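These figures come from a predicted structure and were not determined experimentally.
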Amino acid sequence: AVAGFALSMLFHGTRPEVCPASCHCKSLGEMKGLHVDCSSRKLMEVPALPVGTKRLYLHNNSLTSVPPGALDSLRSLEEVRMSDNPWNCDCRILYLKLWLEDISAASLENTRCASPAPLRMKPLRQLTGNELGVCKRLLPIKCLEFFWRDLILIAGAIITLILVAWALKFSKKLVCQIRL
């Protein structure tokens, strides 16, 4: 038992795999990961999930969106079920759509919008950018701050180079006049 725990710590980082209280977890065998069943629990948000999750069932809950990055640590996932949730297909659904495109085409097809009304029952796979509406904050504010900061630094560097070139040109003329 101690050797198994030590191996788990070695392969999964410094914390052991912890099953969320609102879910039922079952081992798929030593070093084969976990089956995490969070289905039919009336969940309104995705719980923190064990890194070693191989099968994830989140169907038949009250999930409307998934925060960006919430599922990124599930690198060994092989199966996911997310259907029968009241997904709100606005800009916030984009993360889930892109994540499912990489992980599970079947789940992407079976995951359907509940709102807004014009998109009701439409599979996430079929959503287009026009249907998601205008996503005002596609870039985080930090990125925009870095953009303006970088633009100002580049402009300052260009101005400095121009001034240095002008000063060198002027100093050559001055040296030539002194020698004469």
>> For residues 34-57, which residue pairs pass the ring-ring contact (aromatic ring centres under 6.0 Å, His included) check, not counting sequence neighbours?
In response: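 Checked against ring-ring contact (aromatic ring centres under 6.0 Å, His included) - neighbours excluded - the pairs reaching residues 34-57 are His35-Tyr57, Tyr57-His59.
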Find the distance between [atom1] ([X]) and [atom2] ([Y]) and round it off to the nearest 0.5 Å.
| X | Y | atom1 | atom2 | answer |
| --- | --- | --- | --- | --- |
| Cys25 | Leu49 | SG | CG | 8.0 Å |
| Cys113 | Asn85 | SG | CG | 12.0 Å |
| Leu94 | Cys89 | CG | SG | 11.0 Å |
| Ile93 | Leu98 | CD1 | CG | 10.5 Å |
| Ser107 | Arg81 | OG | CZ | 9.0 Å |
| Leu71 | Leu100 | CG | CG | 8.0 Å |

Side-chain polar contacts of residues 40-48 - donor-acceptor pairs under 3.5 angstrom, sequence neighbours left out - could you list them?
residue : atom : partner : partner atom : Å
Ser40   : OG   : Asn60   : ND2          : 2.8
Arg41   : NE   : Ser22   : O            : 2.9
Arg41   : NH1  : Ser39   : O            : 2.8
Arg41   : NH2  : Asp37   : O            : 3.4

>> Pair Leu108, Glu101 - check side chain to side chain contact (heavy atoms under 4.5 Å, CB included), show working.
In response: CA-CA 7 Å; Leu108 185 63; Glu101 283 175 358; 3.5 Å; yes
>> Using the rule given for side chain to side chain contact (heavy atoms under 4.5 Å, CB included), can you reason through Leu63 versus Met82, listing the C-alpha separation, both sets of side-chain angles and the distance that settles it, and then say yes or no?
In response: CA-CA 9 Å; Leu63 301 171; Met82 295 192 149; 5.9 Å; no
> Would you say the side chain of Pro50 lies within less than 4.5 Å of the side chain of Ser73, judging by non-hydrogen atoms?
Replying inline: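 They are not in contact (no side-chain heavy atoms under 4.5 Å apart), so the answer is no.
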>> Tell me whether Leu127 shares a hydrophobic cluster with Met121, the cluster being built from Ile, Leu, Val, Met, Phe, Trp, Tyr side chains joined at under 4.5 Å.
In response: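 Result: no, two separate clusters.
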> Is there a chain of hydrophobic side chains (I, L, V, M, F, W, Y, each step under 4.5 Å between heavy atoms) that links Val51 to Leu28?
Replying inline: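 The answer is no; the residues belong to distinct hydrophobic clusters.
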>> Applying disulfide bond (SG atoms under 2.5 Å apart) as the test, list every pair that has at least one member in residues 57-87; sequence neighbours left out.
In response: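 Of all non-adjacent pairs touching residues 57-87, none passes disulfide bond (SG atoms under 2.5 Å apart).
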> Between Cys38 and Leu58, is a side chain to side chain contact (heavy atoms under 4.5 Å, CB included) present by the stated rule, with each step listed?
Replying inline: CA-CA 5 Å; Cys38 303; Leu58 284 166; 3.5 Å; yes
>> Under the rule for salt bridge (Lys or Arg N to Asp or Glu O under 4.0 Å), what residues qualify as partners of Lys122, not counting sequence neighbours?
In response: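 So Lys122 forms a salt bridge (Lys or Arg N to Asp or Glu O under 4.0 Å) with Glu131.
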> salt bridge (charged side-chain N to carboxylate O under 4.0 Å, His left out): which pairs involve residues 108-121, sequence neighbours left out?
Replying inline: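 Listed once each, the pairs are Glu109-Arg125.
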> Would a distance-only check, ignoring hydrogens and angles, find a side-chain to backbone donor-acceptor pair under 3.5 Å from Trp99 to Ala70?
Replying inline: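 Judged by distance alone, no pair lies under 3.5 Å.
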> Under the 3.5 angstrom rule, does the side chain of Ser115 hit a backbone N or O of Ala117 as a donor-acceptor pair?
Replying inline: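 Between the backbone of Ala117 and the side chain of Ser115 there is no qualifying donor-acceptor contact (under 3.5 Å).
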>> Run the side chain to side chain contact (heavy atoms under 4.5 Å, CB included) test on Asp72 and Tyr95 for me, step by step, so that the C-alpha distance in whole Å, both residues' side-chain angles and the decisive distance to 0.1 Å come before the verdict.
In response: CA-CA 10 Å; Asp72 290 350; Tyr95 166 76; 2.8 Å; yes
>> Who clusters with Ile159? Use side-chain heavy atoms, under 4.5 angstrom, across I, L, V, M, F, W and Y, and order the result by chain and number.
In response: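 Leu163, which link up through side-chain heavy atoms under 4.5 Å apart, make up the rest of the cluster.
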